[in-house]
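Each remark here refers to the structure printed beneath this line.
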Protein chains: 2
Amino acid sequence: MPPAPGDRDARREDVSQAVWRILADHGFGGLTLRAVAAEMGVSTGMLMHYFPTKRALVGHALHLLEQHTSARPRRPRPAEGAAALRAVLLDVLPLTPDDAARNRVWVSSWDLALADDGLRADQAGRYVRMRAAIRPHLEAARRLGELPPEADLDRLAATAVAFVHGLVVQALFDAERFPPDTQTAMLDDFLASLLSETPGGSAG
Amino acid sequence: MPPAPGDRDARREDVSQAVWRILADHGFGGLTLRAVAAEMGVSTGMLMHYFPTKRALVGHALHLLEQHTSARPRRPRPAEGAAALRAVLLDVLPLTPDDAARNRVWVSSWDLALADDGLRADQAGRYVRMRAAIRPHLEAARRLGELPPEADLDRLAATAVAFVHGLVVQALFDAERFPPDTQTAMLDDFLASLLSETPGGSAG
DNA sequence: TTACATACCGAACGCTCGTTACGTACCCCC
DNA sequence: GGGGGTACGTAACGAGCGTTCGGTATGTAA
């Protein structure tokens, strides 16, 4: 293979695909330079030309995970407000094998992320963005009267993310007990109770 | 040190404490025989007398985690129904440093558990038990009229667990943005919307 | 043709891991 | 007061890890 100067990005893309396969099969715990090199059929030295250190490769893997997440096929957003929110949250749940693989990688990254302050901050930022992505739909829902005017949208966004990710974890561990239609029904019930919230809630 | 035959349990208890300190500080990813031995100031050979293999030690660590979880200080259960459910769920949230450490260990164990079929089944069983522990309070709530008669209690239990654990994860990654009172307020809002669910929910 | 930079391989380094073998101190029992 | 089994410490093994390094092609430039 000639050292064509423009191939660097293509090579990094090859590495990305190998990294993703490793992650899907063995999680972040199985992400080693040798495993990636073997997956590509190249040497570890070659890897170091593109990612000077393991940490750089891990960072790239996390970036890749985010990229795969944001580039995943999503349902059309049917409308504004609650219906759109439902579509967004449905796109998070592990309803297909691909979704399950991606979520499995996410969960497996938490062990690393909780142990490293930099990665922890990255993950915190990712959650901030996730909640921010939900907020516009909550605003629309409020505008449409689907939510009471005094609803705390930031808290609602965090609550929705909490419910969805908590459901993801349970579904990953017990796929039999949480088939796609059960997950969907749970989400619909959750949204129904959220949206039927009476102004001036009681508990406190 | 004499080989007093009754000291075996005491020694295992010493090991347990060291294991727990390692888990709290570095998670399951940092649980190595050498780390535990160094924490106790003994040799790795000594460890192997009490846990013949690493897997045995990991199993013990998981058992220890469950033990710490079930033996944690809990608030009094004020009453039946929704109030009791609130207390149960509050006891899960990382409101104190100890709670945070325990939850951090839980999350860090998921990486291992998702990679090993046996451990995954264990974790699935743990979730089954967690939902089963919540169900009686939901039944009481329904009996007290705090829930509509046709509510699906199994699904509600799973939903409550999902919300709480999803909140745990977000709080672990971003403690600043999820101080104890914010977590409590979110839980109260969540419960309020759950309990105000109107019979014959809409979405679906 | 020579000189040089790039791309990559293969092998090795130093380290840590789980695990094992061996030596020794100790207590119990005779 | 000597066996013998238990309870360790010490040291090492082999494997796997991230990383480094020397060598070898292949391209471009003079």
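Just so it is clear: chains get the letters A, B, ... in the order the sequence lines come, proteins before strands, and each one is counted from 1.
For A:His49 and A:Thr44, each mapped to the nucleotide of DNA chain C holding its nearest heavy atom, the one lying further toward the 5' end belongs to A:His49. When the nearest nucleotides of DNA chain D are assigned to A:Pro52 and A:Ala35 by heavy-atom distance, the more 5′-ward of the two goes with A:Ala35.
Among D:dG9, C:dT19, D:dG18, the nucleotide with an atom closest to any side-chain atom of B:Met46 is D:dG9. Nearest to the side chain of B:Thr53, among C:dC17, C:dT19, D:dG9, sits C:dT19. With distances taken from any side-chain atom of A:Leu33 to the nucleotides D:dT19, C:dT19, C:dC9, the minimum falls on D:dT19. Taking only side-chain atoms of B:Arg11, from C-beta outward, the nucleotide of D:dT19, C:dC9, D:dC8 with the closest atom is D:dC8.
Between B:Gln123 and B:Arg120, the side chains place no donor N or O within less than 3.5 Å of an acceptor N or O (distance only, hydrogens not considered).
Between the side chain of A:Arg34 and the base of D:dG16, no donor-acceptor pair of N or O atoms lies under 3.5 Å.
An OP1 or OP2 oxygen of C:dC8 is reached within less than 4.0 angstrom by a side-chain nitrogen or oxygen of A:Tyr50.
Atom NZ in B:Lys54 sits about 4 Å away from atom P in C:dG18, given to the nearest Å. Separating the CG atom of A:Leu47 from the P atom of D:dG18 is a distance of 10 Å, rounded to the nearest angstrom. B:Ile22 places its CD1 atom 11 Å from the P atom of C:dC17, with the value rounded to the nearest Å. Atom CZ in B:Arg12 sits about 13 Å away from atom P in D:dC8, given to the nearest Å. If you take CG of A:Leu31 and C1' of D:dC17, they are 12 Å apart, rounded to a whole angstrom. One atom, CG of B:Asp14, and another, P of D:dA7, lie 14 Å apart when rounded to the nearest Å. Summarising the geometry, the separation between CE on A:Met48 and P on C:dC9 is reported as 14 Å, rounded to the nearest angstrom. The distance from atom CG of A:Leu57 to atom P of D:dG18 is 9 Å, rounded to the nearest whole Å.
Among the atoms of the strands shown, none is found under 4.0 Å from any heavy atom of B:Phe51. Heavy atoms of B:Thr32 sit under 4.0 angstrom from primed sugar atoms or phosphate atoms, though from no base atom.
For B:Arg55, the CZ atom counts as loosely surrounded, since its 6.0 Å shell holds 12 or fewer non-hydrogen atoms of other residues, nucleotides or ligands.
The backbone N or O of A:Phe178 sits less than 3.5 Å from a side-chain atom of A:Gln183, completing a donor-acceptor pair.
Ring centroid separation for the pair A:Phe163 and A:Phe190 comes in under the 6.0 Å cut-off. B:His60 has its ring centre no less than 6.0 Å from the ring centre of B:Tyr50.
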